Amino acid sequence: MGLAKLNFNRRNVQCIGSAVERMNESSPRIYLDNAATSWPKLASATQAAIEFIEQCGATSGRGSYRSAQLADRWLTDARIAVARLLNASNPSCIALCNSGTHALNAALHGLLREGDHVVTTAMEHNSVLRPLAQFMSTGRITLSVVDCDANGAVDSSKLQSVICDKTRWIVIGHASNVTGAVQAIEPIAKIAQARKIGLMVDASQTLGYLPIDVKALGIDVLAAAGHKGLRAWSGTGLLYVSPPYQTELRPLMTGGTGSASELIDVWPSWPQSVEVGNLNLPGIVSVAVAAREADTSQAWRALLRELLSGLRAMPGVTLVGAEESETMIPVVSVIVDGWDSHDLASVLDANFGIETRAGLHCAALVHNFTGTSAGGTLRLSLGHNATTADVQAVLNALRCITGNDENADTEK
């Protein structure tokens, strides 16, 4: 239902009007779209990146002069920090990318072969689903998409039921960017290992929020954004590839690598098979610092409980998929009776200074199982810097909008 069609009662209008009167240019910005990108970024990572720009500015692999060597060291530092964060066997397992989408596409284009059968799920982001759909439409692969439940999670037994002799890869997200549900990786890894199938994990929503041990979890390939839970700069991502698959990865792009410049018929080896062209060194500096200082203590979980509790107690507001805060990342979706999600996000922004995300969130298939395919959801995603004041502000705003504000004037 569009905003123009809404039938406001007097209580709603008075409450929202009072909120507008209270707002001014100095009102705090309440940012609840960390699932898209974190804000604010980690201050130490930003400072290091700025100092690099101001004092060095060189690129990696393009010279032997002092500032170029400094750029090389930052690239190495980033590999080391990410490898330690993931408990990778060696820093050489890490390639630096310009986004999670870049990392996923580099892995999918690089490792899938003609005739492969691939298994994925309905909870995936379009960065997984769209490349796989294109491969299937051109006959390069066959594809099975396993249904998820209303929480956005997948039963490993359902996944196992579609595996066949030609299955070469299982590609799965670590958590839903719509419901916040964390997918159990261990049972899926056991299936993959028993059948000698590669396991590729999209950790864009969990990196920096949850501890991730690629060896303990049995992950062969992991792709992630650097600018979400890790709090590095935008334009950053990373790709972990275990040693057995590194020599198999074909380059997504070819061009300058800073080596073997005399050759035009060259097949770059890992990680240059991913790191083609001039790299985003300021972003990589921010990744190095952010990975080194990553906070996976899950201190945000208390705020998540507070948010879920307040939403559950609010008439007219329905939580989408959220069942248990202990098995979620700080991503919550809701629908509100009588409201289109985009209209609701606009009102929260314009009248309350609360920035949220509305719609399908680049993950359309999961909405078929959460019952929200028509208009999507309003997504509230907390970050490391969220406060109880932020949580109470959005709860109070939703109470106001839905007529549940005890402080609002009642209609006489």
Side-chain angles (χ1 to χ4, degrees), residues 23-51 78 81-82 85 99-100 174-180 182 203-212 224-238 282-311 322 325-326 328-334 345 348-349 352-358 361 378-398:
M23 287 188 65
N24 53 54
E25 291 300 321
S26 63
S27 295
R29 173 191 184 192
I30 300 173
Y31 182 78
L32 298 179
D33 194 21
N34 289 277
T37 193
S38 61
W39 186 86
K41 301 300 183 186
L42 187 67
S44 55
T46 291
Q47 185 59 40
I50 291 172
E51 289 177 359
V82 172
L85 182 62
S99 66
H174 197 190
S176 169
N177 73 322
V178 176
T179 69
V182 176
S204 289
Q205 291 299 327
T206 54
L207 184 69
Y209 287 117
L210 302 178
I212 301 174
H227 61 93
K228 298 180 190 278
L230 202 59
R231 292 183 288 173
W233 278 15
S234 295
T236 60
L238 57 98
I284 287 170
V285 169
S286 76
V287 168
V289 176
R292 208 160 50 221
E293 301 180 13
D295 179 7
T296 58
S297 66
Q298 303 178 53
W300 44 265
R301 200 166 290 283
L303 291 177
L304 177 60
R305 294 190 201 103
E306 183 180 348
L307 177 61
L308 291 172
S309 177
L311 292 170
S325 63
E326 301 308 309
M328 294 174 60
I329 53 172
V331 174
V332 177
S333 274
V334 298
L348 286 170
D349 179 29
F352 299 91
I354 300 171
E355 299 175 343
T356 63
R357 176 78 179 271
H361 316 298
L378 179 81
R379 187 178 70 186
L380 313 169
S381 50
L382 307 173
H384 290 286
N385 295 93
T387 66
T388 191
D390 296 335
V391 171
Q392 289 305 315
V394 73
L395 291 175
N396 288 335
L398 289 172

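Positions are given from 1 along the sequence. Everything numeric here is computed off the predicted structure, so don't read it as measured data.
- Judged by distance alone, the side chain of Ser325 and the main-chain N or O of Leu304 form no donor-acceptor pair under 3.5 Å.
- Atom OG1 of Thr206 is separated from atom CG of Leu230 by 11.0 Å, given to the nearest 0.5 angstrom.
- Listed for the Thr236 side chain is no donor-acceptor partner under 3.5 Å among the backbone atoms of Gly283.
- Nearest heavy atoms, Val391 versus Leu303: CG2-O, 4.0 Å.
- Across Leu210 and Val182, no two heavy atoms sit closer than the pair CD1-CG2, 3.9 Å.
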Worksheet item: Could you walk me through whether Val287 and Val82 pass the side-chain contact (heavy atoms from CB on, under 4.5 Å) check?
Response: CA-CA 8 Å; Val287 168; Val82 172; 3.9 Å; yes
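- A pairwise comparison of heavy atoms in Trp300 and Ile329 identifies CH2-CA, 3.9 Å as the closest pair.
- The one candidate from Val334, Leu32, Leu380 that meets the side-chain contact (heavy atoms from CB on, under 4.5 Å) condition with Leu307 is Leu380.
- Looking only at side-chain heavy atoms (C-beta outward), Leu395 and Leu311 come within less than 4.5 Å of each other.
- The CG atom of Asn34 sits 8.0 Å away from atom CG of Asn385, with the distance rounded to the nearest 0.5 Å.
- Using a 4.5 Å cut-off on side-chain heavy atoms (C-beta onward), Asp390 and Leu382 make no contact.
- For the atom pair OG1 of Thr296 and CG of Leu207, the computed distance is 9.5 Å after rounding to the nearest 0.5 Å.
- Between Ser381 and Val331, some side-chain heavy-atom pair lies under the 4.5 Å cut-off.
- Nearest heavy atom pair, residue Thr46 against residue Trp233, reads OG1-NE1, 3.0 Å.
- Of all heavy-atom pairs spanning Pro330 and Tyr209, the tightest one is CG-CE2, 3.9 Å.
- At least one side-chain heavy atom of Arg379 sits under 4.5 Å from a side-chain heavy atom of Asn177.
- If you take CZ on Phe352 and CG on Leu398, they are separated by 8.5 Å, rounding to the nearest 0.5 Å.
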Item to complete: Go through the steps to decide whether Ser286 and Lys41 satisfy the test side-chain contact (heavy atoms from CB on, under 4.5 Å), and finish with yes or no.
Response: CA-CA 9 Å; Ser286 76; Lys41 301 300 183 186; over 6 Å; no
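- Here CZ of Arg305 is found 4.0 Å from CD of Glu326. Values are rounded to the nearest 0.5 Å.
- Contact between Ala290 and Ala45 at its shortest, heavy atoms only, is N-CB, 4.2 Å.
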Discussion item. side-chain contact (heavy atoms from CB on, under 4.5 Å), that's the test. Do Glu355 and Asp33 meet it? Break it down for me.
Written reply: CA-CA 7 Å; Glu355 299 175 343; Asp33 194 21; 5.6 Å; no
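- Atom NZ of Lys228 is separated from atom CD of Gln205 by 5.0 Å, given to the nearest 0.5 angstrom.
- Judged by distance alone, the side chain of His384 and the main-chain N or O of Gly229 form a donor-acceptor pair under 3.5 Å.
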